[in-house]
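Have a look at the structure below before the remarks.
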Amino acid sequence: MLLGCIADDLTGATDLALMLTRAGMRTVQVMDVPGPGSALDGFDAVVVALKTRTSPVAEAVDLSLKSCDALLALGAKQIFFKYCSTFDSTDQGNIGPVADALMARLKTDFTIACPAFPANKRTIYLGHLFVGDMLLADSPMKDHPLTPMRDSNLVSVLQRQTKHKVGLVPFTTVTKGADTIAEAFHSARARGDRYVVVDALTDMNLYDIGTALADMKLITGGSGIALGLPSNFVRRGQMTATPAPTTMSAANGRAAIIAGSCSEATRGQVAAAIAADIPAFQIDPLALVSGGIDIDGLVAQILAAPSARPVLVYSSADPADVRAAQSELGRDRAGHFVEQALAAIAKRLVAAGFTRLIVAGGETSGAVVQGLGIASLEIGPEIDPGVPWTRAVGRDLVLALKSGNFGGRDFFLKAWNKLS
Ligand code: ADP
């Protein structure tokens, strides 16, 4: 095992595992801190999917350190802390505190922070994160239910989360290539920076940054930064690249889409699925809590829907409705109720013979995978940038775990075509 990865949410872990698989690494994703003697031989990369993006800081730090220790024990040569390409966090964390703790554990005093993912229109210029043609703070991320992002300057955002000094490697340096980037890392470190946010506008920039990271013990960033990491190991003769899969076989059975993301992309995908007459069942958090939604009754209705098409179960709502639910129930309680309801529904559908699931939303996917008791995922073909089909190892179940913001408008309609 060469690369040990710790992801702060499940869909982010899958996105990273896909990136590594596409770049030729044999990659497995595990849902928990791997215990001693875990059967993870034969993989170049192991991605531990935590659910720590919005958990209390101490818990996020503790689980990340345990994952780091386990990955080192499995032989990891480099540790990668993966977070969202929109740097989802609050002033309390968890990116800064987790990265601080990992640096201390790895006895290193320098790392980078680079969430850029140009294929998904996340770019960084002069430390400012853009989502498409908008600054982060103007993008729909300003209304995220759990981590509203209202400052686009990642140097400032990260600086509020760590007592260590945060600097910048600007685009003018990055564009000169890997050697210049590596020199910039040395000078920043000599200046006393412990973090540098690194600008990146293109995949070429990410490759070059990746090359410059060959000897860094700890890397932090989005999945994009993983683009350039596998070739470091190939160049050193530590692995040979393995071709990525193009289809995934799935057992016969019904299909469902479970959407708990309120992100703009997911709301568009829900609307497109409804417009295509996919049978749709809405979960309203207020109705859920007041007892207005009976899960048994809802599952019975879902099972009675025509079996030839997928069914859609969604709580996705626009920002005004999310705010209304949150002001009545509290942000975390509203999220928790919805996640638990969607997980319970997914569990019953799988028990009733569903074998193909799309789940939209990072937190939502975490709850569903936990509810289904899935321990590890094998990575299949890419559906849209950052989202692969996966197979629950040892089960007749394939899942596409989609980060809320990812995927084209027709994602819920076209994803099934990659299954055989
Ligand atoms: P994303 O990947 O878009 O961030 P997540 O699933 O990670 O999606 O986060 C969305 C959060 O919003 C979850 O905790 C979910 O339970 C919660 N949520 C979903 N629907 C609603 C709603 N209608 N009102 C309030 N919160 C909701």
Side-chain angles (χ1 to χ4, degrees), residues 7-16 49-55 60 82-90 94 115 117 120 122 131 136 139-149 222-223 257-271 280-290 292-293 312-346 357-371 384-387 399-407 411-412:
D8 71 351
D9 95 330
L10 181 59
T11 49
T14 311
D15 166 19
L16 172 61
L50 297 178
K51 195 172 181 300
T52 48
R53 182 167 295 167
T54 54
S55 57
K82 150 76 175 76
Y83 39 76
C84 189
S85 62
T86 41
F87 212 74
D88 299 17
S89 52
T90 67
N94 289 337
F117 192 176
N120 269 343
R122 275 39 157 193
V131 177
L136 175 66
S139 79
M141 278 306 296
K142 68 182 184 305
D143 297 315
H144 189 277
L146 306 175
T147 51
M149 298 303 290
S223 59
I257 304 153
I258 311 280
S261 159
C262 300
S263 299
E264 193 174 61
T266 300
R267 284 186 282 124
Q269 290 153 355
V270 166
F281 303 85
Q282 187 174 11
I283 306 280
D284 168 18
L286 294 171
L288 198 61
V289 173
S290 67
I293 296 181
L312 166 66
V313 185
Y314 69 103
S315 67
S316 317
D318 61 32
D321 289 339
V322 171
R323 272 195 296 276
Q326 290 182 334
S327 67
E328 181 99 12
L329 303 171
R331 184 191 76 172
D332 293 345
R333 267 183 84 223
H336 180 75
F337 276 121
V338 172
E339 287 168 29
Q340 290 315 306
L342 293 176
I345 292 166
L357 294 185
I358 294 175
V359 189
E363 298 291 330
T364 308
S365 295
V368 167
V369 162
Q370 199 169 40
D384 264 339
V387 199
L399 306 107
L401 307 174
K402 190 190 78 71
S403 170
N405 277 312
F406 282 9
F411 186 92
F412 293 164

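Just so you know, ligand 1 is whichever comes first in the structure, and atom 1 is the first atom listed for that ligand.
- One N or O on the side chain of N94 and one on the backbone of S55 form a donor-acceptor pair closer than 3.5 Å.
- S263 places no side-chain N or O within donor-acceptor distance of the main-chain N or O of A265, the cut-off being under 3.5 Å.
- The closest side-chain donor-acceptor pair between K402 and Q269 falls under 3.5 angstrom.
- For the residue pair D88 / T86, a side-chain donor-acceptor distance below 3.5 Å is found, with atom types taken as modelled.
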Is there any protein N/O under 3.5 Å from an N/O of ligand 1, and what does the full list of such pairs look like?
residue	atom	partner	partner atom	Å
ligand 1	2 (O)	G362	N	2.9
ligand 1	2 (O)	G404	N	2.9
ligand 1	3 (O)	S261	OG	2.7
ligand 1	3 (O)	S263	OG	2.5
ligand 1	4 (O)	H144	NE2	2.6
ligand 1	6 (O)	E363	N	3.4
ligand 1	6 (O)	T364	N	3.0
ligand 1	6 (O)	T364	OG1	2.6
ligand 1	7 (O)	G362	N	3.2
ligand 1	7 (O)	E363	N	2.7
ligand 1	14 (O)	E339	OE2	2.6
ligand 1	16 (O)	G335	O	2.9
ligand 1	20 (N)	S315	O	3.4
ligand 1	20 (N)	S315	OG	2.9
ligand 1	23 (N)	S315	O	3.0

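- Side-chain atoms of D284 come within 3.5 Å of backbone atoms of L286 as a donor-acceptor pair (strictly under, hydrogens ignored).
- In this structure, the separation between NE2 on H336 and CD on E363 is 12.0 Å, given to the nearest 0.5 Å.
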